[in-house]
2 protein chains.
Amino acid sequence: MVNDQQIIQAAIAVLGNDFSAPLDVIADKAGVARRTLYRRYKDREQLISACRKETMLICKAAMNQAYNSSQEPLKQLERMLYAGIDCNYKYAFLNKLQQREQPKLFSDHDKNDLDDNVKLKWRELVIVLQKDGIINNDISVHWVFFLFDGMISTTITAIESGDVAVNDVKPYAWKSFARSIGIKLKQK
Amino acid sequence: MVNDQQIIQAAIAVLGNDFSAPLDVIADKAGVARRTLYRRYKDREQLISACRKETMLICKAAMNQAYNSSQEPLKQLERMLYAGIDCNYKYAFLNKLQQREQPKLFSDHDKNDLDDNVKLKWRELVIVLQKDGIINNDISVHWVFFLFDGMISTTITAIESGDVAVNDVKPYAWKSFARSIGIKLKQK
DNA sequence: GAAAAATGACACAAATTTGTGTCATTTTGC
DNA sequence: GCAAAATGACACAAATTTGTGTCATTTTTC
């Protein structure tokens, strides 16, 4: 009735904004008995591990697909933003997780999977766009990255608040992000 | 040696990104024995209460001062952004807290203090700027608010990462925010 | 529809977290 | 420098959370 993905989904949603939340909160959110969590995942730790794995898989796939969906850097960047938004709180969860693990393991197994493949591609896009004068030169790639991540978080917050129509918000996000880094969009 | 404010500061920093974190984490962060926390605050709940109070006091004061520091709406908005950034993780903490309490108490005591006084002023600013054509008309006040909040979070993230110089980042934030809502800044 | 697999609803021990008592030591106020 | 106040370092009980065992019931599978 309740599959693994739904449980992981619930876990990500809960842990994403309260990492030390007890397991029954997750169980409730998933609509499942706490005992069931332990049947599917040995540990709290293993559940979290599964969350990380799933999150990275999904985000990575979505980002890669977005990247490959066009040859035009600006379009690629736009679709990657949408992909991040679609990954939703998964994205926030990943960030929180990485932030938490950074002191421990610096260059470990699958963590850099997402980074190496996708973040590098993303970075190249930005550099190209900056070289072409499409993105302003007066800001660093680093700052552009923060803005990108930040816009995803902002959009997720907006969606979760329920005060903004979900369909409207993605183009808003892109328009705002694009402007913020100095891109002048052509009127459609 | 360690005063109340430092403890509150530590508590806000810890709870801001892990609300269920045990008290010894906060005690460690504050450089104080866990026992001391209980001497100053009866409860975990009272500590959190104190955090809320302090946070609101500081944020409100900073925002109001920013608002009052100029008559020019654009300048006021800019300074309010800076004030939000200065409030730092306090701001994130407040958001998390309100998000958590929203289901419980809808229109309660001091919560709306910050809202009524400061958020209303902020809102008026945006409406005026939009009426004057300085902020783009194609986005809603609501979305502008999310962008504002989001830019504060983004900036805090950037600062915490240590990859961006603290002094540079505030003007960056303003420039990016201003652009994102369609403000054309004059070159200084 | 019957056997197998998974679930929920308990109960329960171990581990962790909370909150308090005590006392030697440190810090503060004067 | 001394008395008062605050702190740290324990110890400790209560409460909460974790992880497991068991069994009746539900869901899947064939």
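The sequence lines fix the lettering, A, B, ..., with proteins before strands; numbering per chain opens at 1. Just so it is clear, the values below take in all heavy atoms, side chains as well, and ignore hydrogens, waters and symmetry mates. Predicted model only: the values in this text are computed from it and were never measured.
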Nucleotide of [options] approaching [X] most closely (side-chain heavy atoms):
X     : options              : answer
B:L23 : D:dG8, C:dT7, C:dT18 : C:dT18
A:V32 : C:dG8, C:dT18, D:dG8 : C:dG8
B:P22 : D:dT7, C:dT18, D:dG8 : C:dT18
B:R39 : D:dT17, C:dG8, D:dA9 : D:dA9

Starting from [atom2] on [N], measure out to [atom1] on [X] and report it in whole angstrom.
X     : N      : atom1 : atom2 : value
B:K42 : C:dT20 : NZ    : C1'   : 13 Å
B:L37 : C:dT20 : CG    : C1'   : 14 Å
B:I7  : D:dA6  : CD1   : C1'   : 11 Å
B:Y38 : C:dT20 : OH    : C1'   : 10 Å
B:N3  : C:dT27 : CG    : C1'   : 14 Å
B:D43 : D:dA14 : CG    : P     : 18 Å
B:M1  : D:dG8  : CE    : P     : 10 Å
B:D24 : D:dA9  : CG    : P     : 13 Å

Short side-chain to backbone donor-acceptor contact, [X] and [Y], under 3.5 Å:
X     : Y      : answer
A:Q6  : A:N3   : yes
A:R79 : A:S69  : yes
B:K96 : B:L15  : no
B:D43 : B:Q46  : no
B:Q76 : B:L125 : no

- Query: Is B:T36 near enough to D:dG8 that one of its side-chain N or O atoms lies under 4.0 angstrom from OP1 or OP2?
  - Reply: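 Yes.
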
- Message: OP1 or OP2 of C:dT22 versus the side-chain N and O atoms of B:R35: is any pair under 4.0 Å?
- Response: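 For C:dT22, OP1/OP2 do not have a side-chain N/O of B:R35 under 4.0 Å.
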
- Does the C:dG8 base have a donor-acceptor partner in the side chain of A:R34 within less than 3.5 Å?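 Checked by distance alone, the answer is no.
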
- Item | hbond_proxy B:R44 side chain to C:dG19 base (donor-acceptor, 3.5 Å cutoff) |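 Under the 3.5 Å cut-off, the side chain and the base do not form any donor-acceptor pair.
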
- Query: Which base sits across from C:dC10 as a Watson-Crick or G-U pair, both distances under 3.5 Å?
  - Reply: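 Check on C:dC10: paired to D:dG21, both distances under 3.5 Å.
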
